[in-house]
Peer 1: 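Take a look at this one; I'll ask things after.
Chain A is the first sequence line, chain B the second, and so forth, proteins listed ahead of strands; every chain is numbered from 1.
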Amino acid sequence: MPQKIFNTKTRKKEILQPVREGAVGMYVCGITAYDVCHIGHARAAVVFDVVFRHLKARGYNVTYVKNFTDIDDKIIDRANREGVGIDQIAERYIHLHDEDMAALNVLTPTITPRATGHMEDMVALIKTLEEKGIAYAVDGDVFFAVHNFPVYGGLSGRHLDEMMAGARVDVNDKKRNPLDFVLWKKSKEGEPFWESPWGKGRPGWHIECSAMSRRYLGDTFDIHGGGEDLIFPHHENEIAQSQAATGRPPANYWMHNGFVKINAEKMSKSLGNIFSIREIIQQYHPEVLRLFMLQSHYRSPVDYSDASLKEARTALIRGYTALQQMKETREKLVSPDQEKRPPEPSDEMKKLSELKDKFDASLDDDFNTAQALGYVFDAARLVNHVTTAAKKMPASAKQAILAAAADLFAHFGDVLGVFQLDPDIFFHTDRSLEAAKRGLDTARIEARIAERQKTREEKDWSRADDIRRELAAEGVILKDSAGRTTWLID
RNA sequence: GGCGGCAUAGCCAAGUGGCUAAGGCAGCGGUCUGCAAAACCGUUAUUCAUGAGUUCGAAUCUCAUUGCCGCCUCCA
């Protein structure tokens, strides 16, 4: 099945036809390094991480470029407030970003360029635009003249005359037209600057992406992505700059992820409802956040709330419970010669193979992770059925099915970036986080469980039940199985 | 004002012209269990905001109505 992508430019799903057969060039707008990453950044990162992973799994040679904006007014402000250089601010928040991404199991893109490392490319691009008469310099600033680029507005579906009518009064009287945007900004006294043909200054916001995507992916590449808020003006302006300079559209497919809302409200600084990735992963395992994102289609808005994360946690526990059962059952069944034998055909084997195909097909269809997860949970049910319910099934058949299921879950994990941990490690982390939230001492709980284990061996059920009730009052749920007791909070 | 999006069970959420409307959470009945928990089996929307239309056939297409939301200024 061919890969389909919803293209913002045409507002339709289209079949991916890469510029170069078998390869995909993808550019995604990254962060401006002036603050810690919030869950909106997490969503964009996770969405395009899955795009990257799935295309790779489908055999494409993917070059994924995600930039860091390390020169910007907000960075300068912060540096001034703290009395440090902009490079220190950028370095700090890029480092924290990398930590957050690693926690979320987001793969590092192929190339992660920084704006300040590409000044010459930007200056050259602006010069080209100036030479072509599309950009004009005024007293150290350089502007892009939107009227000289006839298809301006093509991505966002806006028309120049309509925008003119609604344009807000611009205080910058250097511009010939209020919609013209800055390519190069003259630096004020004390601000960081780079030398240029127009004097000391710094690049405008949009030009870095035009310069860096072209440097690493060429004049026209395949996929350009980012949050939906970037459609206008950022991506519109990027297209204008690139296409005016090279004569070719920079990207063939434009992908935009939807917003994260907080309790049905827009996340914004003024509402004070911004959640950082690092504060959330102190509350929940990072995979909870990841699963939460993937349960909705990437273009729909998602509504973040504690209740929705709790639900995602419960779903994640369901998956890991199946994986843990699978692991334990396989350990018990272990017989190397059996593993080597070709698996006998069975309904379950057939079902697993179908689930893999359906899973992959869901992602082929515009990266429908929500639908794909449905098949993951179908697979979990099948695993649970084999490990705990199918008492009459011969061990050899179970072994073959579980080996195939383990391979399938490895594939799911590779593509979605969840369910890749050892279940025991996942549950350990989950328990620690939940215990910390409630101020519970895990060592004390473990000790009480050990005491209870003795009473169980003595078949003193009433004392065993007393301890269970005592722990249950704190939210600790015990699961007795042959030989050992595991536990979970909530 | 301009542009765009969304409305599917108690909740979250796929499905966008034709098999029984995925999956998760919650609920109910049963199996398993010393009892539980988990798991499994079964069950929970004759129906997809409302009204009209197109079609042999629509949750899916068209029009209208209602409600919610985003962008148009920095923003993932």
Peer 1: Would you call A/L107 and A/Y64 a side-chain contact if the rule is heavy atoms closer than 4.5 Å?
Peer 2: no

Peer 1: Assess the side chains of A/Y284 and A/D306: does a donor N or O sit below 3.5 Å from an acceptor N or O?
Peer 2: yes

Peer 1: Could you measure between the two C1' atoms, the one in B/G5 and the one in B/A9, and give it in whole Å?
Peer 2: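 Result for the C1' pair: 24 Å, nearest Å.
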
Peer 1: Ring stacking, A/F377 with base of B/G23, under 5.5 Å and under 30°?
Peer 2: no

Peer 1: Looking at every non-hydrogen atom in both residues, tell me the closest pair between A/E287 and A/Q420 and how far apart they are.
Peer 2: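 Answer, listing the atom of A/E287 first, then A/Q420: OE2-N, 4.0 Å.
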
Peer 1: Where does RNA chain B form stems of at least three consecutive Watson-Crick or G-U wobble pairs, each pair having both distances below 3.5 Å?
Peer 2: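 Stem segments, range with range: B:1-7 with B:66-72, B:10-12 with B:23-25, B:27-31 with B:39-43, B:49-53 with B:61-65.
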
Peer 1: Looking at A/R43, I'd like to know whether one of its side-chain N or O atoms comes within less than 4.0 Å of OP1 or OP2 on B/A76.
Peer 2: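 Checking B/A76 against A/R43, no side-chain N or O comes under 4.0 Å of OP1 or OP2.
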
Peer 1: Assign A/V28 to base, sugar-phosphate, or nothing according to its heavy-atom contacts below 4.0 angstrom with the strands shown.
Peer 2: nothing

Peer 1: Tell me which of A/D378 and A/S300 sits closer to the 5' end of RNA chain B, going by the nucleotide each one is nearest to.
Peer 2: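 Checking each residue's closest nucleotide, the 5'-ward one belongs to A/S300.
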
Peer 1: Across the strands shown, which category fits A/S308 at heavy-atom distances under 4.0 angstrom: base, sugar-phosphate, nothing?
Peer 2: nothing

Peer 1: For the side chain of A/Q371 and the base of B/G15, is some donor closer than 3.5 Å to an acceptor across the two?
Peer 2: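 Checked by distance alone, the answer is no.
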
Peer 1: Might you point out which heavy atoms bring A/D49 and A/R290 nearest each other, and give the distance in Å?
Peer 2: OD2-NH2, 2.7 Å

Peer 1: For nucleotides B/A39 and B/U33, find the distance between their C1' atoms and express it as a whole number of Å.
Peer 2: 11 Å

Peer 1: Is the phosphate of B/A38 approached by A/N384 (side-chain N or O, under 4.0 Å from OP1 or OP2)?
Peer 2: no

Peer 1: Is any side-chain N or O of A/R381 closer than 4.0 Å to OP1 or OP2 of B/C41?
Peer 2: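 Yes.
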
Peer 1: How would you label the contact of A/F259 with the nucleic acid (heavy atoms, under 4.0 Å): base, sugar-phosphate, or nothing?
Peer 2: base

Peer 1: Hydrogens and angles aside, do A/H234 and A/D229 bring a side-chain donor and acceptor to less than 3.5 Å of each other?
Peer 2: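 Judged by distance alone, the side chains do not pair up.
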
Peer 1: Report yes if some heavy atom in the side chain of A/F427 is under 4.5 Å from a heavy atom in the side chain of A/T486; otherwise report no.
Peer 2: no

Peer 1: Under the side-chain contact (heavy atoms from CB on, under 4.5 Å) rule, what do A/Y93 and A/F68 come out as? Steps first, then yes or no, please.
Peer 2: CA-CA 10 Å; A/Y93 290 108; A/F68 287 111; over 6 Å; no

Peer 1: For the pair A/H235 and A/W254, name the ring-plane relationship: parallel under 30°, tilted 30 to 60°, perpendicular over 60°.
Peer 2: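 Judged by the thresholds at 30° and 60°, the geometry between A/H235 and A/W254 is tilted.
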
Peer 1: Does A/R299 put a side-chain nitrogen or oxygen below 4.0 Å from OP1 or OP2 of B/A14?
Peer 2: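 False: A/R299 side-chain N/O out of range (4.0 Å or more) of B/A14 OP1/OP2.
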
Peer 1: Decide yes or no, distance alone: a donor-acceptor N/O pair under 3.5 angstrom between the base of B/G34 and the side-chain of A/D465.
Peer 2: yes

Peer 1: A/F143 ring centre to A/K174 NZ or CZ under 6.0 Å, with the angle to the axis within 45°?
Peer 2: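 No, A/K174 does not sit over the ring of A/F143.
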
Peer 1: Give the rounded distance in Å between these two atoms: CD1 of A/I467 and C1' of B/G34.
Peer 2: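 That distance rounds to 16 Å.
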
Peer 1: Within the 4.0 Å heavy-atom criterion, would you say A/H234 contacts the bases, only the backbone, or no part of the nucleic acid?
Peer 2: nothing

Peer 1: If you check the A/T388 side chain, which of B/A39, B/A14, B/A76 turns out closest?
Peer 2: B/A39

Peer 1: How many whole angstroms separate atom NE2 of A/H297 from atom C1' of B/G23?
Peer 2: 16 Å

Peer 1: Using the C1' atom as the reference point in each nucleotide, state the distance between B/G4 and B/U20 in Å, no decimals.
Peer 2: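 It comes out at 36 Å once rounded to the nearest Å.
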
Peer 1: Counting only side-chain heavy atoms from C-beta out, which of B/C25, B/C71, B/A76 sits nearest to A/K266?
Peer 2: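 It is B/C71.
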
Peer 1: What contact category does A/K74 fall into here, base, sugar-phosphate, or nothing, at under 4.0 angstrom with non-hydrogen atoms?
Peer 2: sugar-phosphate

Peer 1: Is there a side-chain contact between A/S308 and A/D303 (heavy atoms, below 4.5 Å)?
Peer 2: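 No, every pair of side-chain atoms sits at 4.5 Å or beyond.
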
Peer 1: What's A/I477 touching, base or sugar-phosphate or nothing? Going by heavy atoms closer than 4.0 Å.
Peer 2: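 If one applies the 4.0 Å heavy-atom cut-off, A/I477 turns out to touch the sugar-phosphate alone, with no base involved.
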
Peer 1: Output yes when at least one side-chain N/O atom of A/R11 is less than 4.0 Å from OP1 or OP2 of B/C3, else no.
Peer 2: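 Checking B/C3 against A/R11, no side-chain N or O comes under 4.0 Å of OP1 or OP2.
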
Peer 1: Taking only the side-chain heavy atoms of A/M267 (C-beta and beyond), determine which of B/C25, B/G15, B/A76 contains the nearest atom.
Peer 2: B/A76

Peer 1: Need to verify one output field. Residue with the more 5' nearest nucleotide on RNA chain B, A/G374 or A/E228?
Peer 2: A/G374

Peer 1: Classify A/T486 by what it touches in the nucleic acid, base, sugar-phosphate, or nothing, heavy-atom distance under 4.0 Å.
Peer 2: nothing

Peer 1: Is A/D303 touching bases, backbone alone, or none of the nucleic acid, heavy atoms closer than 4.0 Å?
Peer 2: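 The answer is nothing, as A/D303 stays clear of every strand by at least 4.0 Å.
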
Peer 1: Report the distance from atom NZ of A/K351 to atom P of B/C40, rounded to the nearest whole Å.
Peer 2: 12 Å

Peer 1: Is the phosphate of B/A76 approached by A/N257 (side-chain N or O, under 4.0 Å from OP1 or OP2)?
Peer 2: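 Checking B/A76 against A/N257, no side-chain N or O comes under 4.0 Å of OP1 or OP2.
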
Peer 1: Could you tell me whether A/A315 contacts a base, only the sugar-phosphate backbone, or nothing, with contacts defined as non-hydrogen atoms closer than 4.0 Å?
Peer 2: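 Answer is sugar-phosphate: A/A315 comes under 4.0 Å of backbone atoms only.
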
Peer 1: Please work out if A/G227 contacts a base, only the sugar-phosphate, or nothing of the nucleic acid, heavy-atom cut-off 4.0 Å.
Peer 2: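 Sugar-phosphate, no base atom in range.
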
Peer 1: Check every strand shown and say whether A/R452 touches a base, only sugar-phosphate, or nothing at a heavy-atom separation below 4.0 Å.
Peer 2: base

